[in-house]
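See below for the structure under consideration.
Just so it is clear: chains get the letters A, B, ... in the order the sequence lines come, proteins before strands, and each one is counted from 1. Fair warning: this is a prediction, and the values are worked out from it, not measured in the lab. Below, each value reflects all heavy atoms present in this structure, side chains not excepted, and no hydrogens, waters or symmetry copies.
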Amino acid sequence: MEKGFTPVGLRVLVVDDDPTWLKILEKMLKKCSYEVTTCGLAREALRLLRERKDGYDIVISDVNMPDMDGFKLLEHVGLELDLPVIMMSVDGETSRVMKGVQHGACDYLLKPIRMKELKIIWQHVLRKKLQEVKDIEGSCCYEGGADWIIRNDEAHFLGGGEDVSFGKRRKDFDFEKKLLQDESDPSSSKKARVVWSFELHQKFVNAVNQIGCDHKAGPKKILDLMNVPWLTRENVASHLQKYRLYLSRLEKGKELKCYSGGAKNIDSPPKDADLNSGHQSPGKSSYAFSVGSSLLHKATETDPKPLASASVSDPNSDVHMPPKAKKTRIGFDPPLSSTAFDSLLPWNDVPDPLESKPPILYENNFLQPSQSSYVSNSAPSLMEEEMKLSYETPAGGTCVNADEFLKSPTVTLQDLDLSAPSAISCMKLQEFSSNVTNSTESILRSLSWEFPESHHSGSLDTDLDFSWLQGEHFLANTGLQNFQFQDYSSSTSLLSELPPHLWFGNERLPDPDEYSLLVDQGLFIS
Amino acid sequence: MDTLVAQLQRQLRDYTISLYHQGFLDDQFTELKKLQDECSPDFVAEVVSLFFEDCEKLISNMARALDQTGNVDFKLVGSSVHQLKGSSSSVGAKRVKGLCITFKECCDSQNFGGCVRCLQQVDIEYKSLKAKLQDLFNLEQQIVQAGGRIPQVDI
């Protein structure tokens, strides 16, 4: 092999109905320096491919897609465009993989897909092109022509003096153009090369069809029927060979009988009429005869079948992102409103978990009178606002807000109004609630857990004392005035939907260490 | 003396490691983190968000299908489970993915009770993971706000 071969700019079309994977694959492929187009629907992918028949080098597609079986897409792409296709799936069952191979996939990747697997997909493109060169070599009648093709094109592919990249020198890699245009190259010992324009090919096909089945149609006969004066028998012969190759490839994958009828008897959705119509009535379709790649590239602009109106991802933009995610917060929409789900789950001990508004607590009597202002505020997505409220503007005069709390390290529970705990909230909650032994369950069941159950009881106070002090010690050290409590609190309503016996954290006693503060917090939440 | 940033960074490390050790995340999550860069600084959070949206949608599909008493389309449920399995494999949601395998078996054997139980568990698991990841992102945010850098956590 000559100079280094860079697959930079390889044009990849990714098709996957899973938006998460689509986003990830796009990112991964971009990191490989490929040019990526994403697509969420198989039909859309076909449309894109047909629109720009030379627009892509390789297709990567998931096997399971809602609108079209991945294998079907594979067939279409192989037949119409002869692009290498890689299948992917989370299912690695041998039978599935075999099916992929049988349908012509050049590779089958198992999800989760790794970078190293994507880094080498360009090999499939190269391999395919080289293979086709060899095909041509076998069928070409030109004296030394094939050698010339191979020599020249390999040189092209392999750099012949400089790094060749798909992106930068795309037209150089346009195999067909290179060969077809190079008629007057004096250095080659070949005869003048014919450019098989669409019209010419159509004449050819018509002639072939007229004659009948393949085995009867010889170059001489076809030539006669075509009635193109400047065309030679050799031209027709070599073209016929390539046409046969193309058809045999078609036949491999599909239930094709005989091309004599012209119509491809492909048993598939109306979309395939494109393929058929292309042969019969060229209209605006353009054929470009390619020696190197698939023998017939066909692009049609007259796709009469409107694509499914299902939402299709714009291939050139990222998969739609919910805006809130930009703040590195998981988009969270409390509460989960799946009533169908609700009926299915007999969570009787939790009062209407899925439909209840998270901060039920506000209605409870354990709230001090000074906190009554909160009660009126019960609403589903209130968690963070409530937290803010309690944090910034304590309703009661005796409330100690977090700032003060932090600044006064000797604060004990007695000094705190009950609203203060809410300000510190989630960070501490698990500690004191776990210290609160048997009332834990009742607390957690009926409330969002910023607001502890009544602690008029002395025992509670003493229990809490330790954790509060410890907690505030942590806070005082950190000097952070503003923990983002609201973010924490937003996740609490998740819990309020779950029955306590299903909370994993219930059985755990927390580690009093600072270290495990957040870890335990996380555990508790779960 | 430990700075705030150092403390937070240590917490982040510990928390992250615990998530892996408890089987909530697998190495796909690590791969996701590797993909995050200056061009897409919120990549992981965005992907994870997409995943949870997908979860909600798929779970409600499954619930609806299972709710057709007497006429449950197990194939439909199974196909949603398959999608969920694929989705969970994308973010490294190890527990969810594991549940999907069991769930699929229940669908294949048309085990209604088993399916319902699996659905419940899947619901719990994804919500649980969502909360944990939210904590993780919060920690990261705190580190950044405190002027620190988010450490690379090697599992």
Side-chain angles (χ1 to χ4, degrees), chain A residues 17-21 23-24 27-28 30-31 62 64 89-91 111-112 114-115 319 321-322 324-333 336 338 340-345 477-480 482-484 487-488 490-492 494-495 497-498 502 504 514-519 521-523 525-526, chain B residues 4 7-8 10-11 14-15 18-19 22 24 28 31-32 34-35 37 40-43 45-54 56 59-60 63-64 66-67 79 82-83 85-87 89-92 116 119-120 123-124 127-142 146:
Chain A
D17 66 316
D18 183 339
T20 328
W21 268 116
K23 189 175 172 79
I24 295 173
K27 183 75 183 171
M28 288 171 81
K30 280 188 173 154
K31 282 217 149 161
D62 191 75
N64 292 87
S89 179
V90 68
D91 173 14
K111 289 177 169 176
R114 292 285 170 261
M115 277 295 286
V319 173
M321 270 304 312
K324 5 180 199 185
K326 293 207 169 78
K327 295 188 192 146
T328 71
R329 280 198 60 209
I330 301 173
F332 177 74
D333 295 315
L336 186 66
S338 47
F341 188 37
D342 210 14
S343 63
L344 214 47
L345 308 172
N477 276 351
T478 63
L480 259 191
N482 251 322
F483 276 84
Q484 309 226 330
D487 289 346
Y488 270 98
S490 65
S491 54
T492 61
L494 285 175
L495 262 200
E497 296 165 23
L498 299 177
L502 290 173
F504 306 130
E514 246 177 62
Y515 149 94
S516 53
L517 235 161
L518 280 171
V519 175
Q521 171 68 4
L523 290 176
I525 293 176
S526 72
Chain B
L4 167 66
Q7 266 180 10
L8 290 172
R10 202 176 57 232
Q11 277 175 15
D14 294 337
Y15 191 51
S18 80
L19 288 180
Q22 290 167 52
F24 285 100
Q28 174 62 17
E31 295 295 317
L32 279 192
K34 286 190 202 162
L35 289 174
D37 55 20
S40 49
D42 295 326
F43 181 70
E46 288 168 4
V47 170
V48 154
S49 254
L50 280 175
F51 166 64
F52 289 128
E53 275 177 28
D54 217 23
E56 283 181 31
I59 287 174
S60 85
R64 206 177 310 119
L66 286 171
D67 212 17
S79 112
H82 182 88
Q83 285 183 60
K85 186 180 174 196
S87 211
S89 74
S90 76
V91 297
V116 171
L119 182 61
Q120 288 175 331
D123 186 63
I124 292 166
K127 285 173 176 167
S128 160
L129 181 65
K130 187 171 176 178
K132 287 183 182 305
L133 289 179
Q134 184 65 72
D135 291 340
L136 198 70
F137 295 137
N138 287 343
L139 250 186
E140 286 183 349
Q141 218 171 359
Q142 286 167 29

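Pairing each heavy atom of W21(A) with each of S89(B), the nearest pair is NE1-OG, 3.4 Å.
Here the CD-CG distance, from Q83(B) to D17(A), works out to 5.5 Å after rounding to the nearest 0.5 Å. Interatomic distance, NZ of K34(B) versus CE of M115(A), reported as 9.5 Å (0.5 Å rounding). For the atom pair CD1 (I24(A)) and CG (L32(B)), the distance works out to 4.5 Å, reported to the nearest 0.5 Å. One distance of note links OG of S89(A) with NZ of K85(B); it measures 8.0 Å at 0.5 Å rounding.
In this structure a side-chain-to-backbone donor-acceptor pair under 3.5 Å is present from K31(A) to L35(B).
For the residue pair H82(B) and D91(A), no side-chain donor N or O sits within less than 3.5 Å of a side-chain acceptor on the partner. Counted by atom type alone, K27(A) and S40(B) present one or more donor-acceptor pairs between their side chains at under 3.5 Å.
The shortest distance between side-chain heavy atoms of E53(B) and T20(A) does not fall below 4.5 Å. The shortest distance between side-chain heavy atoms of Q28(B) and R114(A) falls below 4.5 Å. Using a 4.5 Å heavy-atom threshold, the side chains of F51(B) and P19(A) count as separate.
In this structure, no portion of D62(A) lies under 4.5 Å from any heavy atom of chain B.
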